[in-house]
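Numbered from 1 within each chain, the chains take letters A, B, ... in sequence-line order. These numbers come from a predicted model, not from an experiment.
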Amino acid sequence: MNSAAPAVNWNSRNTSFPRADAWGGSRSEMGYSTPQRSGWSDRASSQGDRWNSGYRGGRYSNYGGRGGGLDEFSRRGEDGYGSWREGLHKIAPKNLHIERDLFGLPDDPDRQHTGINFEKYDDIPVEASGNDVPEGVSDFTSPPLDSHLLCNIELARYTTPTPVQKYSIPIVANGRDLMACAQTGSGKTGGFLFPILSELFKHGPSPPPPEQPGYTRGMSRSRKAYPVGLILAPTRELASQIYEEARKFAYRSWVRPCVVYGGADISAQIRQIDRGCDLLTATPGRLVDLIERGRVSLSQTRYLVLDEADRMLDMGFEPQIRRIVEQEDMPGVNDRQTLMFSATFPRDIQILARDFLKDYVFLSVGRVGSTSENITQKIEYVEEEDKRSVLLDILHSQPDSDRGLTLIFVETKRSADTLSVYLIQSNFPATSIHGDRSQRERERALDSFRTGRTPIMVATAVAARGLDIPNVTHVINYDLPTDIDDYVHRIGRTGRAGNIGLSTAFFNRSNKGVVRDLIELLKEANQEIPSWLETVAKETQSYGSRGSSRGGGRGSRGGNRDHRRFGGSSSERGGYGSSNEFGYYGGGYSSGNGGGYGGGNYGNANGNYKQSWW
DNA sequence: AAAAAAT
């Protein structure tokens, strides 16, 4: 076939649906009648062999390192990585050591939750809108998923796609972009890893970039990594968590996952990416650093994922993200597939979606196991000076038998330290995590908490979102956050995986700023509302209303609703009433490329909408 | 006001 530049071929896949296949190769098994367009895979098969054998043949790829022994495996080609040769996916042999490391033992209680499945999927509201939204899938099957990916999904003991996965699988398989409003716990990591890895398994690596002949030249020259997939995440812990999942699902495949983030030795990370870096998970700052050092190029990136996009903007990452996406060598919006995940969909995220995505499918998905059902929320009136003793009372009254984890949120790093010291002095097995601790300390704290060695952890906002820690049975808001969204995220650390969770919040006068939102939330979740709390709310007439406190700017619960206008189809599933119009768009953005914002005149920002799944 | 993130 004609050898157009990869970008052109890549581009072509977005021109029609079912898509024309940029990779070539038979796709009849997917039911898409596809004219055989090639480019990528032809080149991959002719040049990819050298690429693969030189670059990732496995001789010096001992990466994956947990302890020794892997060198030995890698010499034998048993390091858990396969390869792509002559247009075919060569799956590596099974390696029980790696398998156990990645997936745990079948009866390991620590791992039970990772692949837990829920029968209540049907209750979860899902709204999908956009042009030609692909039909959701109801099972993990091949097609549309790659059969080797199915093996890994099975090893991870996932049996049924979560709602976000149901849609993301066909959306990505059809070459579409995705904007998903979904929480951690909705299975969103799988939601982007499954379809992306599946496509990568089916189609192999990108052709080696022309400006980099160094891949055949041995190791003397500093190499550049050309990840095909890039995942950006706001915090180091989240990045590392995504990476661990990526390792599972990339097991035995040609795809080598990598992770880079700050606070860790950069030369070790460079060595890691030198061993092969196909699917890179990164925090923005460290990635920019590596790009500046010429160690990473995004010229071959065809899948871009922004996880927790709202949080990344909250944390001021927008300039770095825009630099990475728009000002480096990443293919443009039409030449890549972009998936954005965000808990909320406020104005600045809408703008980001407009700039980074093309004709995207908008998905709004509730959490698996909604807060209202699974989490009992208690609000206690506790004065500042009584907090410690009340906390001790609570901890003493918790039966040791339940072996659950207790996560305590405080507002400042300093109080995280002092409180954890106090707890330890009071003979409670506690640890703490916050941003002033070294990365090593953070990781150790998290690990010791996860494994139950210290079943109590005091945390700042660093642990509020994104982290998936199974078995947290109690979340204590020692200090309530000022933003109700943070509260929601915090209590969302419990009640996961279909389990029952308990949340206790200490409330006093200093928290009256959130009292209205809090009551609203409790009502929505069918929780008991203490009468004193209602009293406080009445006394706090003038402020506390959502709209005013946010000044119409970045309202963080911006409503998970697609603000675009469609002439065409839109499908709705589940419990979103279509009656409550709300949003932040008064004016409207002239649509840049397809499906922009038609200046819908939505109401003001004080909308009383609710997400039914909080 | 605090937290997070590149050094």
Side-chain angles (χ1 to χ4, degrees), chain A residues 184 230-243 259-270 272-273 280-296 306-325 327-328 342-343 348 384 407-420 432-443 445-446 457-467 477-490 493 508-514 543 549-551 553-554 556:
Chain A
T184 313
L230 174 65
I231 301 157
L232 293 175
T235 66
R236 300 163 180 177
E237 279 75 14
L238 182 57
S240 133
Q241 186 176 291
I242 293 166
Y243 165 67
V259 65
V260 298
Y261 48 73
D265 180 18
I266 195 166
S267 53
Q269 289 178 357
I270 289 172
Q272 187 210 33
I273 62 182
L280 178 62
T281 306
T283 49
R286 178 53 62 93
L287 178 61
V288 167
D289 192 353
L290 288 165
I291 292 171
E292 279 174 0
R293 291 171 188 237
R295 293 308 194 132
V296 173
L306 295 161
D307 200 8
E308 309 253 342
D310 50 354
R311 180 135 194 245
M312 289 204 275
L313 295 198
D314 281 346
M315 289 166 63
F317 284 166
E318 182 161 4
Q320 290 163 80
I321 291 171
R322 285 199 179 269
R323 172 169 173 189
I324 291 165
V325 176
Q327 285 146 42
E328 299 294 337
S342 180
D348 50 3
E384 215 55 48
L407 186 54
I408 303 168
F409 282 105
V410 295
E411 207 51 22
T412 68
K413 298 185 266 203
R414 223 178 105 75
S415 52
D417 278 334
T418 54
L419 187 59
S420 66
S432 73
I433 187 167
H434 61 70
D436 273 357
R437 300 199 73 185
S438 74
Q439 194 55 28
R440 183 172 287 277
E441 287 173 320
R442 281 162 61 163
E443 278 158 19
L446 198 54
M457 183 163 78
V458 185
T460 60
V462 69
R465 301 185 187 203
L467 290 189
N477 273 290
Y478 189 89
D479 300 319
L480 268 169
T482 49
D483 186 332
I484 197 69
D485 288 323
D486 288 329
Y487 172 81
V488 172
H489 281 284
R490 289 177 180 188
R493 299 312 97 198
N508 60 45
R509 277 174 187 78
S510 65
N511 306 117
K512 61 185 180 189
V514 289
Y543 25 72
S549 69
R550 292 171 196 281
R554 207 192 106 56
S556 47

Return the set of residues passing side chain to side chain contact (heavy atoms under 4.5 Å, CB included) with [X] (not counting sequence neighbours), or none when no residue passes.
X        : value
A:Arg414 : A:Thr412
A:Thr418 : A:Arg388, A:Ser415
A:Glu292 : A:Val288, A:Arg323
A:Ala239 : A:Ala233, A:Val259, A:Tyr261, A:Thr281, A:Thr283

Which nucleotide of DNA chain B is the first, and which the last, in the 5' to 3' direction, to come under 4.0 Å of a heavy atom belonging to chain A?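 So the outermost contacting nucleotides come out as B:dA1 to B:dT7.
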Looking at every strand, decide which applies to [X] at a 4.0 Å heavy-atom threshold: base, sugar-phosphate, or nothing.
X        : answer
A:Gly316 : nothing
A:Pro481 : nothing
A:Arg442 : sugar-phosphate

Residues two or more places apart in sequence or in another chain: which of them pass ring-ring contact (aromatic ring centres under 6.0 Å, His included) with A:Phe317?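 If we apply the ring-ring contact (aromatic ring centres under 6.0 Å, His included) test to A:Phe317, skipping adjacent residues, there are no hits.
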